[in-house]
There are 2 protein chains.
Amino acid sequence: MGVMSIPDHTTGQARRRKKQHSGVTMADVGRLAGVSQVTVSRALSDPSKVSAETLQKIRDAIDVTGFVPNAIAGALASQRSMLISAFVPSITNIVYSSFIQTFNARIRSSGYEVLLSETGFLPEEEEKLVAAHLTRRPDAVLLTGIHHSARTRKMLLGAGTPVVEVWDVTDSPIDVCVGFSHSGAGRAAADFIADQGYRSAAVVSAGDERAQRRMRAFSDRFAQRTGAAAIQLDFPAPASLANGRLGLRQLLETHAFSDGAIFCSSDLLAHGVIIEARARGLRVPEDVAVLGFGDQDFAPHTDPAISTIRVDRQELGRAAADALLERFAGRRPERDVFDIGFEIVRRASC
Amino acid sequence: MGVMSIPDHTTGQARRRKKQHSGVTMADVGRLAGVSQVTVSRALSDPSKVSAETLQKIRDAIDVTGFVPNAIAGALASQRSMLISAFVPSITNIVYSSFIQTFNARIRSSGYEVLLSETGFLPEEEEKLVAAHLTRRPDAVLLTGIHHSARTRKMLLGAGTPVVEVWDVTDSPIDVCVGFSHSGAGRAAADFIADQGYRSAAVVSAGDERAQRRMRAFSDRFAQRTGAAAIQLDFPAPASLANGRLGLRQLLETHAFSDGAIFCSSDLLAHGVIIEARARGLRVPEDVAVLGFGDQDFAPHTDPAISTIRVDRQELGRAAADALLERFAGRRPERDVFDIGFEIVRRASC
DNA sequence: TTGTACGCGTTATCAT
DNA sequence: ATGATAACGCGTACAA
């Protein structure tokens with residue numbers, strides 16, 4: 001157990017380069033405690049199966065040696081990695097990161113760890129990453145959205161692990177699915193805006209397939225309700241204040257937009273629109289009304305506060321985690337599609 | 001290839017949901033290709049060590065079987081997990097997540113994967129998470145900040161893995177360290193503000209030890225330069241628009257602040273201050289000047305645009321990744337402390 | 001170029 | 001309550 005020798009910090013540079021952890025094994029601990037390796041394993045996984053005194057001896061030996069269990073060996077032997085692969089389009093988009101935050105917390109409290117990767121908005125990229133992750137034998141996989149390459153689906157099916165798709169709903173999920181209807185949200189937005197008597201409308205989005213589905217549904221419904229076609233603007237991702245400002249500028253200057261409501265695919269865009277409007281001396285909502293999406297935490301604190309569509313990201317994270325944990329417990333959830341819905345939050349901007 | 005046959009367990013408890021991937025091993029692939037397991041291993045890790053025709057046979061066999069290498073077994077055998085543990089205070093804070101994004105990209109392109117965890121701002125929480133991660137034998141660890149519990153340091157030293165501490169500098173890093181001086185940034189802010197003739201100042205921060213160090217240095221220097229004490233406001237994390245607005249409100253109403261500059265510990269707070277100021281009809285920077293921190297991507301697009309202190313997060317992510325990759329290559333970096341500096345960006349708000 | 005033998009550090013299965 | 005022994009699936013000598 002040469003491991004125990006303290007790395008000589010004296011020279012500072014003389015530290016080892018190869019990976020050779022503490023190198024202390026259960027066998028080492030057992031030897032020191034006067035028991036076999038298996039007993040150490042048991043003491044750790046289920047202390048009740050070991051007598052009080054040997055348990056104490058083992059604990060002492062662990063303290064002395066600084067033993068750290070090797071989860072890799074454990075995973076190989078037990079065929080459970082205690083790892084969950086998660087894929088989101090962007091980790092810098094707070095909409096996804098806050099969702100992951102909740103998912104993470106829930107998952108971790110059950111002993112699992114989350115291996116997170118950013119896929120961007122291209123299925124091919126997702127495919128590569130899924131392949132890479134499957135190599136680590138995750139016990140479950142979380143995917144954002146319901147559109148995945150054929151190979152991705154095949155790999156996932158082949159792996160036989162539970163899969164949860166989030167942020168959308170579909171009748172044919174890979175496994176289970178929790179989200180809400182984007183076209184439904186778009187229609188609700190159109191109704192909300194039409195109900196307030198607006199006769200003209202525009203949408204501004206930023207390169208996200210789900211956002212575009214909301215926008216299409218919005219336009220269809222708005223036309224249906226008012227007979228007017230909504231002007232459509234789509235920027236490349238990511239959604240930003242800059243694109244919001246640019247959006248209003250283009251709407252005003254090249255689309256002759258006036259006196260109507262703008263449905264933005266994100267609160268960030270909505271905020272940009274508001275900033276641009278005020279910089280131009282336009283009143284919100286009198287001259288331009290703005291409806292956002294996401295109910296991000298800043299939405300109530302802009303001036304005017306942003307009216308928006310709220311999606312309960314915490315609930316989404318919890319539900320996704322719970323669906324997986326249910327599967328781990330051997331149960332299948334009652335349904336395989338959970339629609340957590342959305343809610344229009346009326347504030348001052350629309 | 002026993003895998004392909006239906007598991008017929010004695011009790012007839014057909015295919016349990018244990019975790020049973022495709023179950024195809026290198027041995028299975030080899031059998032089908034007419035070679036041994038090692039040859040398959042070689043074909044995958046270094047195709048040049050295998051003859052062209054057997055390589056082809058192996059590839060075919062892989063396609064047919066849908067073989068997915070088991071990285072867990074690989075890690076156990078090679079003693080390299082190809083995993084890097086990273087810890088940041090918050091994944092929803094874009095300042096950290098955008099840094100991680102770059103770090104991730106760099107790391108992944110070298111075949112490693114990043115296991116990310118959120119520590120909050122308490123060393124004890126970090127300690128628990130580090131212990132959990134060490135269990136998976138990461139090949140390296142990334143830590144945010146330079147303040148860690150004694151046990152955390154001890155565990156890390158004991159593990160013998162490379163460690164990079166980021167977002168700060170110190171003379172005594174655990175291993176290597178890349179960041180910038182927070183007190184230096186605070187002083188630079190004070191000079192910047194004093195140079196413009198402001199005679200009164202306030203700071204508003206949001207519960208982050210590094211931010212507080214900036215603030216303290218700011219106050220000291222500002223007092224030194226002008227003889228005036230800066231009013232200090234500290235909110236609980238996270239920094240938000242709401243806290244920025246609240247900050248200005250408190251400054252105005254309970255601290256009789258007027259006609260000076262406010263140094264915020266984050267651009268988000270700065271934006272909040274600006275919104276509150278404009279909502280009150282105050283002019284920025286004439287009535288209240290605002291200096292932010294971080295140069296987040298929205299900073300140039302607020303109205304007025306936020307003057308701020310820029311930290312090159314991309315560079316930080318790259319440098320951290322490179323420091324680790326160097327270590328993997330067996331080299332030690334020339335220095336173990338990298339100061340990537342910062343830069344004051346003057347825009348309209350100050 | 002290919003194969004044999006062994007080890008990595010656990011968990012699972014039986015036995016005692 | 002504890003121990004022997006066999007997997008787990010792959011890498012790394014070393015041999016052929």
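Chain A is the first sequence line, chain B the second, and so forth, proteins listed ahead of strands; every chain is numbered from 1. Computed from a predicted model, the values in this text were never measured in an experiment.
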Student: When the nearest nucleotide of DNA chain C is assigned to Leu76(B) and to Leu55(B) on a heavy-atom basis, which residue is associated with the more 5' position?
Tutor: Leu55(B)

Student: Under 4.0 Å from any atom of DNA chain C, heavy atoms only: list the residues of residues 38-48 of chain B that qualify, in numerical order.
Tutor: Val38(B), Thr39(B), Arg42(B)

Student: What is the distance from CE of Met26(A) to C1' of dG3(D), rounded to the nearest Å?
Tutor: 15 Å

Student: Does any N or O in the side chain of Glu126(B) come within less than 3.5 Å of the main-chain N or O of His148(B), such that one atom is a donor and the other an acceptor?
Tutor: no

Student: Please state whether the rings of Phe87(A) and His133(A) are parallel, tilted or perpendicular, taking 30° and 60° as the class boundaries.
Tutor: tilted

Student: When you measure from the side chain of Ser51(A), which nucleotide among dC10(D), dT10(C), dA1(D) comes out closest?
Tutor: dA1(D)

Student: If a pair satisfies salt bridge (charged side-chain N to carboxylate O under 4.0 Å, His left out) and one of its residues is in residues 54-65 of chain B, list it, with sequence neighbours excluded.
Tutor: none

Student: According to a strict under-4.0 Å criterion, is Thr25(B) in side-chain N/O contact with OP1 or OP2 of dG9(D)?
Tutor: no

Student: Return the 5'-most residue of the pair Glu53(B), Ser78(B) with respect to DNA chain C, ranking by each residue's nearest nucleotide.
Tutor: Glu53(B)

Student: Please state how far atom CD in Gln79(B) lies from atom C1' in dT10(C), giving the value in whole angstrom units.
Tutor: 12 Å

Student: Considering only dG3(C), dG11(D), dG9(C), which nucleotide approaches the side chain of Gln37(B) most closely?
Tutor: dG11(D)

Student: To the side chain of Ala73(A), which of dG3(D), dG9(D), dT10(C) is closest?
Tutor: dT10(C)

Student: For Ser41(A), which residues count as a side chain to side chain donor-acceptor pair (under 3.5 Å) partner, sequence neighbours excluded?
Tutor: none

Student: Just by modelled atom types, is the Val88(A) backbone N or O under 3.5 Å from a matching donor or acceptor in the Thr119(A) side chain?
Tutor: yes

Student: Mind calculating the distance between NZ (Lys49(A)) and P (dT13(C)) to the nearest angstrom?
Tutor: 10 Å

Student: Rounded to whole Å, how long is the line connecting atom CD1 of Ile58(A) with atom P of dT10(C)?
Tutor: 13 Å

Student: To the nearest Å, give me how far apart CZ (Arg136(B)) and P (dG9(C)) are.
Tutor: 17 Å

Student: When the distance from CG of Asn70(B) to C1' of dT10(C) is rounded to whole Å, what number comes out?
Tutor: 14 Å

Student: Given Leu142(B), which partner from the list Val178(B), Leu116(B), Val164(B) fulfils the side chain to side chain contact (heavy atoms under 4.5 Å, CB included) test?
Tutor: Val164(B)

Student: Please state how far atom CD1 in Ile72(A) lies from atom C1' in dA7(D), giving the value in whole angstrom units.
Tutor: 18 Å

Student: Would you check if the side chain of Thr25(B) reaches a backbone N or O of Asp28(B) as a donor-acceptor pair within less than 3.5 Å?
Tutor: yes

Student: Round to a whole Å and report the spacing from CD of Gln56(B) to C1' of dT1(C).
Tutor: 17 Å

